[in-house]
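Letters go in sequence order (proteins before strands), and every chain restarts at 1.
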There are 2 protein chains.
Amino acid sequence: MEGSAHILNDAPLVLAMAGNERLASALAAALDGAVADCLIRRFPDGETFIRIDSPIEGRPLVLVCTLDHADDKLVPLLLAAATARDLGAASITLVAPYLGYMRQDVRFQPGEGVTSLYVGQLLSSAVDALVTIDPHLHRHDALGEVYSVPHVTASAAPAIGVWVRANVERPFLVGPDAESEQWVRAAAGGDLPYVIFTKTRSGDHDVAIDAPDLAQFAGRTPVLVDDVLSTGRTMIGAAEILMAAGFDAPICAAVHGVFSGDAADALAAAGLPHVVTCDTIAHPTNAIDTTSILVDAIRKLASDD
Amino acid sequence: MEGSAHILNDAPLVLAMAGNERLASALAAALDGAVADCLIRRFPDGETFIRIDSPIEGRPLVLVCTLDHADDKLVPLLLAAATARDLGAASITLVAPYLGYMRQDVRFQPGEGVTSLYVGQLLSSAVDALVTIDPHLHRHDALGEVYSVPHVTASAAPAIGVWVRANVERPFLVGPDAESEQWVRAAAGGDLPYVIFTKTRSGDHDVAIDAPDLAQFAGRTPVLVDDVLSTGRTMIGAAEILMAAGFDAPICAAVHGVFSGDAADALAAAGLPHVVTCDTIAHPTNAIDTTSILVDAIRKLASDD
């Protein structure tokens with residue numbers, strides 16, 4: 001890959017897509033680069049206009065764009081990448097702390113689009129390398145099945161463990177379903193006790209949650225841990241089990257706080273006011289800074305090369 | 001091109017992106033095809049879900065999506081095309097009555113993205129052929145400079161001429177600027193009198209309109225004709241000249257009624273209530289049906305092959 005090779009050899013230009021300005025500044029400072037002077041706006045007819053005012057020819061570009069609500073962000077991102085390419089950027093590395101479009105990862109019913117693959121192809125055509133945090137790998141085993149460009153996937157789950165140890169007395173971690181186990185185990189880091197719930201499906205809409213014996217955790221504070229908090233329904237279901245078993249309302253911790261639809265209201269209504277997320281998607285619940293995790297991942301990408 | 005060859009040999013499947021259902025039905029009927037049974041919706045997290053329920057393997061697909069407000073439409077369109085490809089469609093022909101992203105066709109200032117080219121490349125990678133009406137070709141001489149796939153560009157300007165002859169007594173056509181001449185001439189069709197205004201720029205914001213001698217048109221009704229009615233400011237400027245010269249408020253006719261921002265209010269405030277557009281973008285001013293123009297263009301695409 002000619003892309004990432006240049007990232008640390010030359011001072012990178014760091015371009016923030018809308019909403020990613022704080023992270024772009026932090027990355028530029030950490031990588032001895034500069035934030036790109038850039039104007040991205042909409043014409044009155046709704047089309048995107050982009051102008052990159054910083055000298056970019058021959059320089060590596062780090063493009064910063066977290067990809068929640070990806071449908072609103074992909075066109076400006078693709079056009080920014082094309083502009084940078086057109087203007088002669090030496091390489092384009094996409095830093096997407098949250099990588100959207102990872103959940104439709106198989107054709108569940110005939111005729112469905114496997115959109116994770118299509119978005120992966122689109123972005124892999126537009127950039128040279130990718131850095132992200134905890135992509136939702138479920139039926140895909142590795143991000144390389146979806147993205148053909150060199151990439152580094154960092155994990156913020158250990159940082160959730162650090163936060164729990166510093167902020168919760170006598171905690172135990174709870175994975176709300178089998179998929180969550182990889183993140184719960186990483187957060188537990190060998191010393192925090194944890195338990196994983198499993199779901200049993202009986203029909204299209206009936207989902208029962210199987211919880212192991214919880215008596216061993218008596219007197220401890222439960223902390224639900226998952227990669228993505230989307231509608232909140234998975235967390236709420238697991239919290240009901242915990243509260244029915246006599247525990248206090250659990251703290252809900254997630255790497256990515258997507259908060260789809262009425263998620264925030266639903267969590268509050270379920271008696272779950274303590275929600276903690278990493279800052280991969282800007283949200284009032286952000287309590288865990290992932291900048292250093294991303295800096296390490298970008299450095300790893302360059303050294304892997 | 002293997003794409004368009006199949007369009008009329010086999011009955012095409014016609015897939016309507018949101019808002020294009022009426023045209024898709026009309027095209028399916030005219031081409032002896034069938035409207036695709038298809039579900040395109042958004043997940044609660046804002047990502048697009050798509051499922052094509054009609055058998056598509058080995059069949060040519062006509063994908064119908066007019067591209068005003070293209071930033072909102074391109075991602076679902078690209079994902080629909082990728083799904084159709086993945087499911088084995090024999091070919092994918094995009095019918096975009098209005099083709100957005102044609103105006104940023106050159107780098108006006110250093111650092112600007114030439115987005116017409118980038119969107120052209122994106123769509124040319126996604127589909128096999130393109131049919132559109134009156135693309136805004138200004139600094140690009142031909143659509144082939146922007147789109148690498150086979151394409152047919154039809155013109156609705158003659159249909160504006162037909163509408164004027166049927167609905168306006170003693171008309172004369174007015175092109176509000178030099179760019180509009182190609183469409184005014186096509187609408188005039190050899191028998192309607194017309195005049196073209198020109199703009200003179202003196203500085204960044206001062207634009208003077210030069211109008212030729214209008215005395216020869218005394219007693220006639222002016223009809224302003226342009227390809228795109230976007231903010232309405234070009235039409236309003238020309239209308240002011242006409243009304244200052246003693247003419248009645250002109251009828252404003254455009255192929256594509258984009259109506260950016262406050263365009264509709266601005267036209268009304270300028271005393272221009274008579275606005276007529278083709279139905280390439282759905283709008284209350286639509287008075288000219290382009291279905292037969294598109295059917296002819298699709299047939300031409302297949303016969304060109």
Most contacts with chain A, counted as non-hydrogen pairs under 4.5 angstrom, among B:Cys38, B:Pro44, B:Ala70
B:Pro44
Donor-acceptor pairs under 3.5 Å, chain B to chain A, main chain and side chains both?
unit_1: B:Arg42; atom_1: NH2; unit_2: A:Asp71; atom_2: OD2; d: 3.3
unit_1: B:Asp45; atom_1: N; unit_2: A:Ser260; atom_2: OG; d: 3.4
unit_1: B:Glu47; atom_1: OE1; unit_2: A:Tyr101; atom_2: N; d: 3.3
unit_1: B:Glu47; atom_1: OE2; unit_2: A:Tyr101; atom_2: N; d: 2.6
unit_1: B:Thr48; atom_1: N; unit_2: A:Tyr101; atom_2: OH; d: 2.7
unit_1: B:Thr48; atom_1: OG1; unit_2: A:Asp71; atom_2: OD2; d: 2.5
unit_1: B:Ile50; atom_1: O; unit_2: A:Gly113; atom_2: N; d: 2.9
unit_1: B:Ile52; atom_1: N; unit_2: A:Gly111; atom_2: O; d: 2.9
unit_1: B:Asp71; atom_1: OD2; unit_2: A:Arg42; atom_2: NH2; d: 3.3
unit_1: B:Asp71; atom_1: OD2; unit_2: A:Thr48; atom_2: OG1; d: 2.5
unit_1: B:Asp86; atom_1: OD2; unit_2: A:Arg107; atom_2: NH2; d: 2.9
unit_1: B:Asp86; atom_1: OD2; unit_2: A:Tyr118; atom_2: OH; d: 2.4
unit_1: B:Tyr101; atom_1: N; unit_2: A:Glu47; atom_2: OE1; d: 3.3
unit_1: B:Tyr101; atom_1: N; unit_2: A:Glu47; atom_2: OE2; d: 2.7
unit_1: B:Tyr101; atom_1: OH; unit_2: A:Thr48; atom_2: N; d: 2.7
unit_1: B:Arg107; atom_1: NH2; unit_2: A:Asp86; atom_2: OD2; d: 2.9
unit_1: B:Gly111; atom_1: O; unit_2: A:Ile52; atom_2: N; d: 2.9
unit_1: B:Gly113; atom_1: N; unit_2: A:Ile50; atom_2: O; d: 2.9
unit_1: B:Tyr118; atom_1: OH; unit_2: A:Asp86; atom_2: OD2; d: 2.4
unit_1: B:Ser260; atom_1: OG; unit_2: A:Asp45; atom_2: N; d: 3.4

Would you indicate whether the side-chain heavy atoms of A:Val75 and B:Val119 approach each other to under 4.5 Å?
no
Kindly compute the distance separating CG (B:Leu79) from CG (A:Leu122), expressed to the nearest 0.5 Å.
7.0 Å
For B:Phe259, which atoms come within 4.5 Å of any heavy atom of chain A: side chain, backbone, both, or neither?
neither
Top residue by heavy-atom pair count (under 4.5 Å) with chain A, among B:Gly113, B:Gly261, B:Gly46?
B:Gly113
Tell me every residue that passes side-chain contact (heavy atoms from CB on, under 4.5 Å) with A:Ala84, counting only those two or more places apart in sequence or in another chain.
A:Ile52, A:Ile56, A:Leu61, A:Ala89, A:Ile92
Is A:Leu78 close to chain B through its backbone or its side chain, or both, or neither, when contacts mean heavy atoms under 4.5 Å?
side chain
